[in-house]
Amino acid sequence: MPTILIANRGEIAVRIIRACAQHGHTSVAVYADQDFEAMHTRLADEAHALPGTSAAETYLSIDALLAAARASGADAVHPGYGFLSENAQFAAAVEDAGLIWIGPTADTITALGDKVTARQLAEKVGAPLAPGIDRPLRDAAEVEEFAAEHGLPIIIKAAHGGGGRGMKIVRDLAEVTGSFDSATREAVEAFGRPECFVEKYLEQPRHVEVQIVGDGRGKAVAVGDRDCSAQRRNQKLIEEAPAPNLSPEQRRRLHRAAEDICAEVAYRGAGTVEFLLAADGTMTFLEVNTRLQVEHPVTEMVSGVDLVGEQFRIAFEGRLSLDATPEPRGHAIELRINAEDPGRGFLPTPGRIDALDVPGGPGVRWDSGVRAGDTVQPAFDSLFAKLIVHGPDRPSAIARTVTAARELHVAGPTTVLPCSLEILTDPAFTGEALGIHTQWIETELMPRFSAQSRPAPIGEASLRRFPIELEGRRSQIGLPAELFALLGAAGTGSASSGSAGSGSAGVGEGSGEGGASDGAAVGAPVPGSLVDYLVEDGAEVSEGEDIAVLSAMKMETKVAAHRAGTLRHVAAVGDMVSVGETIARIG
Ligand code: ADP
């Protein structure tokens, strides 16, 4: 039976570890320093260190992951979602190392990861496609010509974009040049590639997608469809299966297009083909995600197909367990449980989970990466769990989800739950004529929220490593940093900076909200790294002016001056800061 290294963390690593156990495979977890005691690290049969605290040093480090694979004797690598799951270079490196990559080939990832070549493929197989320019844009003039021919609004997108970033909507011809320039700039900054393309922007569309499994030899089967229209910042918050209110013809068309696109590239493994559906019935292909999706459980609940099990079957036996799309049974809804505050524009709110009461009852599934006492880490994604609920039909699935969401209690970080409950009980969501579209949360719902209280600052939860000699061989021992707090101050200095290799350089100033007591201090609104100061040290600032940018959980947050005066920098660019920690003073 194969040994599978899971190149991921959090709830998806836990999901895959459970699947390994159920299928008799050995699971190998990997962990960053702060995940030393995380749920996925504890649940796996074995766990290997990825020394470091940042994503780049750990779950994004191909070298570190391959070293862990070698050390554990793994036969295969499952990438989960996010991190390196859609990285063709990683897929190729895994296969070059003689291991099985649980996913599509590097060539497929490359072809479909580029939205321009993916659009060309969709066009070739006759998938529904809104007008667009299916090659990288040369200049803004091309965009102007396109707008003149097809009308506004249009959307300029990064060919290699993802995560809802690198997109510019253009509603006015005068904005074309500026939008083209900033889209190109952002594409380079975020994805390291400048290529952008343009397509027609659909107003208030629904997001509908099709789950696919392919055997790698040209057979691709649609497992079912999902609706993921409840989004904020073009990122999904609630998903459901099957997608409600599709006509049989629309459903057939979407499934067929998804199967044809995947068959054309002899797709191997699980993947998702995404579409938009406008109110007037216009459909357009959006992209293919060449991995397991966050929302895969809703399809599992209505189709009865274990998608991770299916991935194993394809990877190890080269075959599918199904020949045709199963008839969906009932309805399933997933709530993403993110540590974010809807009342502060979905600001990330990582922190320690002091208590966690998990719901139960018929049809309730809880996929979590944390237990009570764990910390939602600021260096990684804000999603820490998912609540998935099944019912015999959509109204009963909604009713069960509301009951379960009200039972769920998370003490510590604020979560998106109040927002999810608003959505679940709003007539636009519950009504026969589904009134939800991809901009609905931001335009209709956000104004209803007020800020929640902030979680307590996170203490430094990390590992300290010391060299030791074991049976005559030099080795290393890692001890939880908390231990030193318990033992007193002894050993805090040299061990952490000397051999720990820890990436979290503390600012050294007093942390917590107390820092702001003299009125001059500017406290960090989120824990994260200081990306840049927007104003020079010693310059005059006015109240409300943006003075710094922090990055937490893959999201950038601007910090504004709370009063006018002379700005003094207190931290250094790149520093990790906790909530309330002073990053500047305005005197
Ligand atoms: P990403 O890879 O960053 O997720 P996508 O191309 O999948 O980018 O688009 C993400 C979201 O952006 C969609 O779900 C939708 O809300 C919005 N979007 C993208 N393209 C269009 C379009 N042509 N018209 C309207 N909305 C769009």
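Applying the ring pair (Phe, Tyr, Trp, His ring centres under 6.0 Å) criterion to Tyr201, with sequence neighbours excluded, gives no partner residue. By the side chain to side chain contact (heavy atoms under 4.5 Å, CB included) test, Pro131 is found to be paired with Phe146, His150, Lys200, residues two or more places apart in sequence or in another chain being considered. Phe384 meets the ring pair (Phe, Tyr, Trp, His ring centres under 6.0 Å) test with no other residue; sequence neighbours excluded. Here Glu149 pairs with nothing under the side chain to side chain contact (heavy atoms under 4.5 Å, CB included) rule; sequence neighbours left out. The side chain to side chain contact (heavy atoms under 4.5 Å, CB included) check on Gln89 picks up Ile62, Asn87, with sequence neighbours excluded. Remark: Ala76 engages Ile4, Ile100, Ile102, Phe316 in a side chain to side chain contact (heavy atoms under 4.5 Å, CB included) (not counting sequence neighbours). For Arg365, the side-chain hydrogen bond (donor to acceptor under 3.5 Å, both in side chains) partners at least two apart in sequence or on another chain are Glu300, Asp367. Residues passing the side-chain hydrogen bond (donor to acceptor under 3.5 Å, both in side chains) test with Thr282, sequence neighbours excluded: Asp280. When the ring pair (Phe, Tyr, Trp, His ring centres under 6.0 Å) test is applied to Tyr533, the partners found at least two apart in sequence or on another chain are His569. Under the rule for a side-chain hydrogen bond (donor to acceptor under 3.5 Å, both in side chains), Thr415 has no partner lying at least two apart in sequence or in another chain. The ring pair (Phe, Tyr, Trp, His ring centres under 6.0 Å) check on Phe90 picks up Trp101, with sequence neighbours excluded.
No donor-acceptor distance shorter than 3.5 angstrom exists from the side chain of Glu444 to the backbone of Trp440, with no hydrogens or angles considered. Proximity of a side-chain donor or acceptor of Thr58 to a complementary backbone N or O of Leu50 within less than 3.5 Å is not detected.
Cation-pi geometry between Arg251 and Phe275 is not met at under 6.0 angstrom from the ring centre and within 45 degrees of the axis.
Residue pairs meeting the side chain to side chain donor-acceptor pair (under 3.5 Å) criterion with at least one member in residues 423-432, sequence neighbours excluded: Asp426-Arg448.
Note on Arg15 versus Asp306: salt bridge recorded, some NZ/NE/NH1/NH2 to OD/OE distance being below 4.0 Å. Note on Arg336 versus Glu11: no salt bridge recorded, every NZ/NE/NH1/NH2 to OD/OE distance being 4.0 Å or above.
Judged by distance alone, the side chains of Arg291 and Gln293 do bring a donor and an acceptor atom under 3.5 Å apart. Looking at Arg344 and Thr349, their side chains never bring a donor and an acceptor atom within 3.5 Å of each other.
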